[in-house]
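It should be emphasised that the depicted structure is a prediction, and the values quoted were computed from it without experimental measurement.
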Amino acid sequence: MTELTDLFTVPALDQGLRAPLRQALDGKAKPVGALGRIEDLALTLGLIQQTLRPAVVRPVLLVFAGDHGLTRSGVAAYPAGVTVAMVDTLLMGRASANAFAKVVGAQVQVIDAGVAADLSDRAGLVHAKVAPGTKDASTEPAMTPDQAQAALLEGAAMVRAAIDDGADMIALGEMGIGNSASAALLMHRLAPAPLIDCVGQGAGHSPEGMARKQAVLAQAAARSDATAPLEVLTQFGGFEIAMMAGALLGAARAGVPVIVDGFIGSAAALLAIRLAPNARDYCIFAHASAEAGHRRMLEAVEAQPLLGLDMRLGEGTGALLAVPLLKAACALLSDVAELKDILEAAR
């Protein structure tokens with residue numbers, strides 16, 4: 001079993017293929033650089049997979065679900081019971097993530113990281129519950145240090161199982177009422193950024209609801225001055241966010257690219273990168289969320305997202321919509337003719 005110290009030991013990306021990959025891209029039947037960021041994406045995938053012909057054949061979306069004690073203090077526009085209802089919708093294949101996954105050819109796995117309900121009878125659900133929801137971070141630590149470590153390691157185990165089963169790309173998704181509040185607190189301490197810049201609408205709030213959310217998160221932030229990544233996770237995190245971070249670290253250690261979704265997924269990525277800076281090189285950031293603070297969070301990890309669609313749903317929906325771009329980038333290296341051959345034929 002992977003130890004926590006091993007999980008944080010992510011190797012630096014081997015740059016040995018950078019020049020050959022760039023030469024291969026420049027030699028394709030097109031003007032040099034004409035495909036812009038798709039060429040950069042192809043180079044990134046080649047470096048992560050350590051091949052001149054990267055491939056994305058079996059993308060897998062891991063959707064981690066968990067509940068947050070912060071919801072008891074009124075940070076969410078919907079009741080916590082919606083988490084269970086959406087887990088059931090995902091398991092039935094009727095959520096937005098399922099629809100998008102079908103379109104792009106991705107498999108979906110749903111994991112109970114910490115839902116505040118007994119889901120032991122749900123067929124098809126991966127049972128990995130650390131606890132039935134976190135504590136209310138506005139009054140006490142969200143989780144114990146042991147729970148934080150268990151969630152990180154469980155996420156790594158989930159991704160390792162998916163890779164062992166053939167996954168060559170991991171997309172990360174989440175479901176959990178109140179998790180934008182937890183993500184805002186993580187961003188506040190780990191970016192770092194002023195709390196007011198980190199708090200957004202989440203699943204939707206009235207002006208009164210936003211004021212309540214901001215007040216509760218200010219109370220939570222004032223309760224602890226934690227800045228070390230593991231301590232920040234313990235004080236303010238969610239089990240699904242911790243498992244996403246662990247999954248990202250596990251995928252990076254295995255040399256498998258990870259597509260990061262929106263605000264919540266980027267908070268998990270920020271946590272993973274602060275725990276193991278080399279993990280940044282294995283991340284592909286899918287889109288710029290409409291959630292307030294996401295662009296600033298992306299700046300904190302020096303990320304330029306592939307898409308900007310004004311989405312803020314979660315579930316991994318944005319990550320899934322980026323999958324065709326990754327497949328196209330791979331096809332550029334594997335399927336496009338060489339410029340020299342075209343010029344030779346034209347003579």
Side-chain angles (χ1 to χ4, degrees), residues 62-84 86-87 110-117 119 126 128-156 158 172-190 198-200 202-203 213 216-217 220-221 223-224 226 229-249 260-272 274-275 291 293-294 297 314-316:
L62 302 178
V63 182
F64 297 92
D67 279 308
H68 294 259
L70 276 166
T71 59
R72 293 192 291 274
S73 292
V75 300
Y78 292 96
V82 172
T83 302
V84 174
M86 282 307 304
V87 166
V110 186
I111 300 105
D112 177 5
V115 179
L119 302 181
V126 179
K129 193 192 303 287
V130 176
T134 58
K135 303 294 186 182
D136 184 350
S138 69
T139 59
E140 60 184 316
M143 62 187 77
T144 68
D146 286 348
Q147 288 174 333
Q149 294 179 28
L152 287 164
L153 290 171
E154 194 64 51
M158 292 295 162
L172 297 177
E174 40 64 37
M175 179 61 226
I177 297 301
N179 59 12
S180 70
S182 175
L185 288 165
L186 295 178
M187 175 187 170
H188 168 51
R189 289 298 166 79
L190 297 178
C198 306
V199 183
K213 182 176 183 179
V216 171
L217 296 191
R223 183 187 54 74
S224 168
L230 264 181
E231 179 63 13
V232 171
L233 171 61
T234 299
Q235 293 293 333
F236 306 122
F239 295 128
E240 82 282 31
I241 295 174
M243 283 198 192
M244 281 195 290
L248 193 158
L249 292 171
V260 180
D261 193 42
F263 185 66
I264 318 301
S266 295
L270 175 62
L271 171 62
R274 294 296 185 253
L275 289 168
E291 180 73 0
H294 190 217
M297 195 189 305
E315 299 179 15

Leu217 vs Leu70, test: side-chain contact (heavy atoms from CB on, under 4.5 Å). Steps then yes/no. CA-CA 9 Å; Leu217 296 191; Leu70 276 166; 4.2 Å; yes

Starting at CD of Glu240, measure out to CD1 of Ile111 and round the result to the nearest 0.5 Å. 11.5 Å

Identify which one of Val260, Leu62, Ile264 satisfies the side-chain contact (heavy atoms from CB on, under 4.5 Å) criterion when paired with Met244. Ile264

Which residues pass the side-chain contact (heavy atoms from CB on, under 4.5 Å) test with Ser224, not counting sequence neighbours? Ala226, Gln235, Phe236

Rounded at 0.5 Å granularity, tell me how far CE in Met86 sits from CD1 in Ile177. 8.5 Å

Closest non-hydrogen atom pair between Ala151 and Ala242, with its separation: CB-CB, 3.5 Å

Can you check whether Leu233 reaches Leu152 side chain to side chain, under 4.5 Å on heavy atoms? yes

Heavy-atom closest contact (Ala268 atom, Ala245 atom, distance): O-CB, 3.5 Å

What is the distance from atom CG of Leu271 to atom OG of Ser266, rounded to the nearest 0.5 Å? 12.5 Å

Could you tell me whether the side chain of Ile241 reaches within less than 4.5 Å of the side chain of Glu174, counting heavy atoms only? no

Which residues pass the side-chain contact (heavy atoms from CB on, under 4.5 Å) test with His188, sequence neighbours left out? Leu195, Cys198, Ala221

Got a donor-acceptor contact below 3.5 angstrom from the Lys135 side chain to the Thr144 backbone? no

Nearest non-hydrogen partners of Ala131 and Gln147, listed with the distance: CB-NE2, 3.7 Å

Write down the atom of Val87, the atom of Ala65, and the distance for their closest heavy-atom approach. CG2-CB, 3.6 Å

Which residues pass the side chain to side chain donor-acceptor pair (under 3.5 Å) test with Thr83, not counting sequence neighbours? Asp67

Of all the heavy-atom pairs spanning Arg223 and Thr139, show the shortest one and how long it is. CD-C, 3.3 Å

Applying the side-chain contact (heavy atoms from CB on, under 4.5 Å) criterion to Val130, which one of Met243, Glu154, Met143 satisfies it? Met243

Could you grab the distance from atom CG of Leu185 to atom NE2 of His68, nearest 0.5 Å is fine? 10.5 Å

Can any side-chain N or O of Arg274 pair as donor or acceptor with the backbone N or O of Leu190 at less than 3.5 Å? yes

Go through the steps for Val115 and Lys129 under the test side-chain contact (heavy atoms from CB on, under 4.5 Å), then give the verdict. CA-CA 7 Å; Val115 179; Lys129 193 192 303 287; 4.0 Å; yes

Taking atom types as modelled, find out whether Ser138 and Asp136 have a side-chain donor-acceptor pair closer than 3.5 angstrom. yes

Work out which heavy atom in Thr134 is nearest to a heavy atom in Gly237; give both atom names and the distance. CG2-O, 3.7 Å

